[in-house]
Chemist: 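Have a look at this one.
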Amino acid sequence: MNFAISENLIKNDGGEYVSYGIEYYDDDGTKRSLPDICTDKSAVESFVGRLNRNDASPVHILELTDDFLAGLYG
């Protein structure tokens with residue numbers, strides 16, 4: 001599986017900001033994304049690197065992302 005980092009401009013009532021997320025293909029070949037995970041690019045790059053090194057399954061991406069965020073923000 002190959003996960004990649006995505007860069008996204010998020011606009012809301014408070015203005016706009018750059019956020020980083022993950023793009024990947026699920027088991028049936030459909031392109032998926034989690035576009036607004038974190039504003040810390042290096043943290044998301046590290047997370048994506050771990051996903052790829054450990055051959056993470058897309059089936060577990062939401063749980064893995066939740067664990068990543070819990071570790072990052074407590």
Chemist: Less than 4.5 Å apart, any side-chain heavy atom of Leu51 and any of Leu64?
Modeler: yes
Chemist: Would Leu62 end up clustered with Val59 when hydrophobic side chains under 4.5 Å apart are linked, directly or stepwise?
Modeler: no
Chemist: Counting N and O atoms only, with roles assigned by atom type, does the side chain of Asn8 sit under 3.5 Å from a partner on the main chain of Tyr20, one being a donor and the other an acceptor?
Modeler: no
Chemist: Applying the 4.5 Å side-chain criterion to the ILVMFWY set and letting contacts propagate, would Leu72 and Ile22 be lumped into a single cluster?
Modeler: yes
Chemist: Show, in sequence, the C-alpha distance, side-chain angles and deciding distance for Glu7 and Ile5, and conclude whether the side chain to side chain contact (heavy atoms under 4.5 Å, CB included) test is met.
Modeler: CA-CA 7 Å; Glu7 183 175 304; Ile5 189 170; over 6 Å; no
Chemist: Identify all side-chain donor-acceptor contacts of residues 29-41 below 3.5 Å with residues at least two apart in sequence or on another chain.
Modeler:
{"unit_1": "Thr30", "atom_1": "OG1", "unit_2": "Asp28", "atom_2": "OD1", "d": "2.8"}
{"unit_1": "Arg32", "atom_1": "NE", "unit_2": "Asp26", "atom_2": "OD2", "d": "2.8"}
{"unit_1": "Arg32", "atom_1": "NH2", "unit_2": "Asp26", "atom_2": "OD2", "d": "3.0"}
{"unit_1": "Asp36", "atom_1": "OD1", "unit_2": "Ser19", "atom_2": "OG", "d": "2.4"}
{"unit_1": "Asp36", "atom_1": "OD2", "unit_2": "Tyr17", "atom_2": "OH", "d": "2.9"}
{"unit_1": "Asp40", "atom_1": "OD1", "unit_2": "Ser42", "atom_2": "N", "d": "3.2"}
{"unit_1": "Asp40", "atom_1": "OD1", "unit_2": "Ser42", "atom_2": "OG", "d": "2.9"}
{"unit_1": "Asp40", "atom_1": "OD1", "unit_2": "Ala43", "atom_2": "N", "d": "3.2"}

Chemist: Applying ring-ring contact (aromatic ring centres under 6.0 Å, His included) as the test, list every pair that has at least one member in residues 53-74; sequence neighbours left out.
Modeler: Phe47-Phe68
Chemist: First locate atom CG of Asn2, then atom OH of Tyr24, and finally report the distance between them rounded to the nearest 0.5 Å.
Modeler: 13.5 Å
Chemist: Does Gly14 offer a backbone N or O that forms a donor-acceptor pair with the side chain of Asn12 under 3.5 Å?
Modeler: yes
Chemist: Considering all heavy atoms of both residues, which atom of Val44 and which atom of Gly21 are nearest to each other, and what is their separation?
Modeler: CG1-O, 3.7 Å
